[in-house]
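Presented below is the structure to which this report refers.
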Amino acid sequence: MIQLTEQILQATTKGINQLYKLPLPASSLQINRTKPEFEGDYTVVLFSVIKPIGKSPEIIGKELGDFLLNEYKQLFSKYNLVKGFLNLTVCDHYWTTILNQYYEDPCFGKGAVKQEKIMIEYSSPNTNKPLHLGHLRNNFLGWSLSEIYKANGFPVVKSCIVNDRGIHICKSMIAWKRYANGKTPQSENKKGDHFVGDYYVLFNEAYKKETEELVAKGISNEEAEKEAPIMKETQQMLIDWEAGKPDVIALWKEMNSWVYEGFDITYKRIGSDFDKIYYESNTYLLGKKIVGEGLSKNVFVKKEDGSVWIDLTADGLDEKIVQRKDGTSVYITQDIGLAQLKAEEYGCKESIYVIGDEQNYHMKVLKLICQKLSLPAADGIHHLSYGMVELPTGKMKSREGTVVDADDLLNEMEEVAKKKTEELGKTADFTETELAQLYRTLSIGALKYYLLRVDPKKKMIFNPEESIDFHGHTGPFIQYTYARIRSILRKENINKNTDSFSSPLLKMEQILLLELEQYPTIVMQACKEHDPSHLANYLYRLAQTYNTFYAAHSVLKAESEEKKQLRLRICSFTSTIIASGMNILGIAVPERM
RNA sequence: GGUCCCGUAGCUCAGUUGGAUAGAGCAACAGCCUUCUAAGCUGUGGGUCACACGUUCGAAUCGUGUCGGGAUCACCA
């Protein structure tokens with residue numbers, strides 16, 4: 001189907017060209033939604049064509065309006081002109097045609113199937129601590145962007161790079177060796193990721209203490225941080241790990257397995273999943289070969305001490321190291337290797353990285369280096385950069401334990417959902433299973449919506465003192481709208497034979513249809529801009545419009561059978577789109593609540 | 001210091017490919033359940049769109065500058 005705004009644009013462009021013999025590019029006309037205080041649905045802004053045509057906006061508006069009414073009888077019923085704004089009213093016939101065609105079609109809004117594969121990398125956790133609120137934003141963004149791409153017809157590969165090696169893991173390992181006395185998540189009855197995370201916090205406490213003791217002995221702070229025994233042990237452990245020392249590897253494997261068990265539970269709960277998981281322990285050496293090739297192509301240069309660099313000053317950036325003087329790889333080396341590996345394995349047209357905005361510079365450098373190396377996937381690298389989630393007191397810090405833990409927050413949200421539901425008392429006949437399911441649906445819905453409705457690139461401040469709302473501009477508001485519609489549709493079946501509607505559409509019916517028709521445009525826009533918040537905000541607008549309609553007009557007790565059938569279809573169409581859109585965001589909708 | 005991002009109602013946010021009188025939610029206040037689920041609806045109050053200058057018929061939106069907040073510029077990942 002062709003979007004209405006597109007049709008209007010084509011029609012008006014054709015009108016201008018025919019009336020004034022002007023080969024006007026379509027982009028020179030602007031079509032907007034008509035402001036509610038004026039009559040009409042869509043508005044053509046005429047100011048930009050006054051000059052080339054050389055007539056007043058009043059004359060152009062009248063001539064163009066008459067042309068459109070004559071030539072597009074199926075589309076427009078009337079027009080009015082205010083200053084340079086030509087307000088067009090779309091025929092009822094157009095709306096009812098759309099309605100009849102799509103009112104129960106779950107594919108409405110989905111784009112044609114395409115060939116180009118898209119890879120979306122998200123989540124990418126460290127295995128030394130549990131997931132926190134920031135990870136949730138990442139997961140929700142990544143997962144819903146994948147669904148947005150799928151809705152637009154693209155095959156999507158969801159990937160994840162697990163940072164399972166490095167000094168941070170060794171910190172948890174050393175602390176465990178020192179303080180755990182052989183304790184395990186099983187023995188302590190604790191979720192594995194939290195168990196390991198506790199030792200990461202213990203490490204930092206011990207490290208701080210040892211550093212302070214050295215400083216007290218008169219050693220400089222900088223020196224003390226290097227010389228603290230626990231840090232030296234940790235660094236030695238990293239060397240032993242790289243050397244493959246069996247007991248270190250065994251402990252590393254065991255502690256990682258505890259973390260994975262914990263992650264699995266959380267991922268399942270929030271609905272995150274991946275088609276391909278990369279482990280840094282397998283990929284961290286990958287970039288070195290490419291560095292070697294880059295040296296021979298003179299993309300990189302070797303300095304006297306043996307370290308390898310790339311000079312990006314001509315591109316407005318700095319010099320960047322890609323390999324240490326001892327030959328080991330740095331962070332970006334691994335990313336170059338992984339980019340190459342991804343390209344070889346999947347050959348995706350676009351590769352999107354969902355990573356916090358603190359890595360904007362890193363990602364810019366990565367793309368540039370890949371381009372200079374002429375890696376096949378280089379131009380397709382995109383960074384979906386999102387702002388940090390902060391507390392009123394500032395940044396969250398795992399090592400200081402000042403984080404909003406994902407599991408804690410999910411539990412809390414479920415409690416709130418339970419409390420609110422019980423207060424309202426509408427679920428007396430629900431079974432225990434149904435209740436548990438409902439609390440999950442509502443709590444996850446509230447949380448996901450809360451994080452997804454904001455423009456990704458903006459940082460967010462989360463106040464743990466104020467619980468996430470269930471009223472107003474929230475996930476549960478939209479879920480509630482859906483449940484109310486479903487309640488109506490359970491009471492009355494749609495008569496599929498009644499599909500012509502002779503009485504004119506009421507204002508609210510027509511406004512709702514106007515909103516519904518926009519859904520495919522929004523799904524496309526969210527994809528183009530890598531931004532699920534457009535969809536989240538659209539769904540809210542739609543639910544709000546529906547609720548106004550619902551309060552103004554009865555469906556089941558409509559003025560006539562014809563109206564009832566029309567409104568049942570509108571209800572069905574609305575609920576179909578809400579379910580579809582919410583699913584794209586990763587939010588389920590309940591039949592009752 | 002260089003680069004990038006942000007600044008809209010008391011708070012959280014839309015609106016940013018330039019269009020008509022800048023919109024929601026929360027909070028406050030006033031109404032609406034013998035009518036399809038009141039997690040809802042209707043209304044009231046609340047604004048120097050950080051500031052200045054410029055481009056334009058028209059600027060929250062574009063440009064330049066200033067102020068404020070943040071990120072980054074590691075042989076950490």
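Nucleic acid contact class of A/R592 (heavy atoms, under 4.0 Å, all strands): base. A/D305 comes within 4.0 angstrom of a nucleotide base, judged by non-hydrogen atoms across all strands. A/V454 comes within 4.0 angstrom of sugar-phosphate atoms only, judged by non-hydrogen atoms across all strands, and of no base. Among the heavy atoms of the strands, none lies under 4.0 Å from A/E492. Using a 4.0 Å heavy-atom distance criterion, A/D335 is classed as making no nucleic acid contact. Among the heavy atoms of the strands, none lies under 4.0 Å from A/T474. Within the nucleic acid shown, A/M593 comes within 4.0 Å of at least one base atom, counting heavy atoms only. Across all strands shown, A/E529 has no heavy atoms under 4.0 Å from either base or sugar-phosphate atoms. Within 4.0 Å (heavy atoms only), A/T43 reaches at least one base atom of the nucleic acid. Using a 4.0 Å heavy-atom criterion, one finds that A/K325 contacts the bases of the nucleic acid, with or without backbone contacts as well. Among the protein residues, A/Q323 comes within range of no part of the nucleic acid, since none of its heavy atoms lies under 4.0 Å from any strand. Within 4.0 Å of A/H534, counting heavy atoms only, lie sugar-phosphate atoms of the nucleic acid but no base atom. Among the atoms of the strands shown, only primed sugar atoms or phosphate atoms (P, OP1, OP2) are found under 4.0 Å from some heavy atom of A/T548. Using a 4.0 Å heavy-atom criterion, one finds that A/I50 contacts no nucleic acid atom at all.
Annotation: B/G45 and B/A24 have their P atoms spaced 12 Å apart (nearest Å). For the C1' atom pair drawn from B/A20 and B/C57, the interatomic distance equals 13 Å after rounding to whole Å. Only the P atoms considered, B/U12 is 38 Å distant from B/U56, to the nearest whole Å. Only the C1' atoms considered, B/U8 is 24 Å distant from B/C29, to the nearest whole Å. Across the P atoms, B/A59 and B/G18 are found 13 Å apart, a figure rounded to whole Å. If you take atom C1' in B/G7 and the same atom in B/C49, they sit 10 Å apart, rounded to whole Å. When the C1' atom is used for both B/U35 and B/A22, the distance is 37 Å, rounded to whole Å. To the nearest whole angstrom, the two P atoms, one in B/A27 and one in B/A74, are 47 Å apart.
Atoms CE and CD1, from A/M173 and A/I167 in turn, are 10.5 Å apart once rounded to the nearest 0.5 Å.
Rounded to whole Å, atom C1' of B/G15 lies 13 Å from atom CZ of A/R33. What separates CG of A/L9 from C1' of B/U17 is a distance of 13 Å, to the nearest Å. A straight line from CH2 of A/W309 to P of B/A74 spans 8 Å, rounded to a whole angstrom. Between A/L46 atom CG and B/A20 atom P the separation is 14 Å, expressed in whole Å. Remark: P of B/A77 and CG of A/L286 are 15 Å apart, rounded to the nearest angstrom. A/K320 places its NZ atom 7 Å from the P atom of B/A74, with the value rounded to the nearest Å. Between A/I461 atom CD1 and B/C26 atom P the separation is 21 Å, expressed in whole Å. In this entry the distance linking NE2 of A/H383 with C1' of B/A71 reads 12 Å, nearest Å.
Remark: ring of A/Y480 not stacked against base of B/G40; the cut-offs of centroid gap under 5.5 Å and plane tilt under 30° are not jointly satisfied. Centre separation under 5.5 Å together with a plane angle under 30° holds for the ring of A/F38 and the six-membered base ring of B/A20, marking them as stacked. Residue ring and nucleobase are stacked for A/F85 and B/A20, with a centre distance beneath 5.5 angstrom and an angle between planes beneath 30°.
A salt bridge links A/E121 with A/K342; the closest basic N to acidic carboxylate O contact falls under 4.0 Å. With salt bridges taken as basic N to acidic carboxylate O contacts below 4.0 Å, one links A/E319 and A/K303. Under 4.0 Å is where a charged nitrogen must lie from a carboxylate oxygen, and between A/E492 and A/K564 at least one such pair does. Of the charged side-chain nitrogens involved, none lies within less than 4.0 Å of a carboxylate oxygen, so that A/R592 and A/E434 do not count as a salt-bridged pair.
Between A/K491 and B/U37 there is a side-chain polar atom (N or O) within less than 4.0 angstrom of OP1 or OP2. Phosphate proximity of B/C13 to A/H473: absent, as no side-chain N or O sits under 4.0 Å from OP1 or OP2. A sub-4.0 Å separation between OP1 or OP2 of B/C76 and a side-chain N or O of A/R324 is present. OP1 or OP2 of B/A14 sits under 4.0 Å from a side-chain N or O of A/K458. A sub-4.0 Å separation between OP1 or OP2 of B/C4 and a side-chain N or O of A/K364 is absent. Phosphate contact (OP1/OP2 of B/A38, side-chain N/O of A/R484, threshold under 4.0 Å): present.
Pair assignment for B/A30: B/U42, on the basis of Watson-Crick or G-U wobble contacts that are both within less than 3.5 Å. Partner assigned to B/U3 is B/A71, using Watson-Crick or G-U wobble distances below 3.5 angstrom. Nucleotide B/U66: paired with B/A50 (Watson-Crick or G-U wobble, both distances less than 3.5 Å). Across all strands shown, nothing is found opposite B/U61 as a Watson-Crick or G-U wobble partner with both distances under 3.5 Å. For B/U37, there is no paired nucleotide, since no Watson-Crick or G-U wobble pair has both relevant distances below 3.5 Å. Partner assigned to B/A14 is none, using Watson-Crick or G-U wobble distances below 3.5 angstrom.
Of all nucleotides listed (B/G19, B/A14, B/C41), B/G19 comes nearest to the side chain of A/N32. Side-chain proximity of A/V82 to B/A20, B/C36, B/C4: nearest is B/A20. The listed nucleotides are B/A14, B/U37, B/A77; the one nearest the side chain of A/N537 is B/A14. For A/N360, taking side-chain heavy atoms from C-beta onward, the closest of the listed nucleotides B/U35, B/C41, B/C4 is B/C4. Checked against B/A77, B/C26, B/G19, the side chain of A/Q30 finds its nearest nucleotide in B/G19.
Remark: A/K129 qualifies as a cation-pi partner of A/Y200 under the 6.0 Å distance and 45° angle criteria applied to the six-membered ring. For the pair A/R484 and A/Y550, the cation-pi test (distance below 6.0 Å, angle within 45°) is passed.
Under the 6.0 Å cut-off for aromatic ring centres, A/Y353 and A/Y122 do not qualify, their centroids lying 6.0 Å or more apart.
Place A/A483 and A/M460 on RNA chain B by their nearest nucleotides, and A/M460 ends up nearer the 5' end.
Using a 90° window around 0 for the glycosidic torsion, B/C73 falls outside it and is classed as anti.
Put simply, the side chain of A/N128 and the base of B/A77 share no donor and acceptor less than 3.5 Å apart.
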Taking it one step at a time, do A/T521 and A/Q3 satisfy side chain to side chain donor-acceptor pair (under 3.5 Å)? CA-CA 7 Å; A/T521 310; A/Q3 296 304 294; 2.7 Å; yes

Apply the test side-chain contact (heavy atoms from CB on, under 4.5 Å) to residues A/W252 and A/D164: give CA-CA distance (whole Å), side-chain angles for both, the deciding distance (0.1 Å), then the verdict. CA-CA 9 Å; A/W252 171 75; A/D164 62 344; 3.7 Å; yes

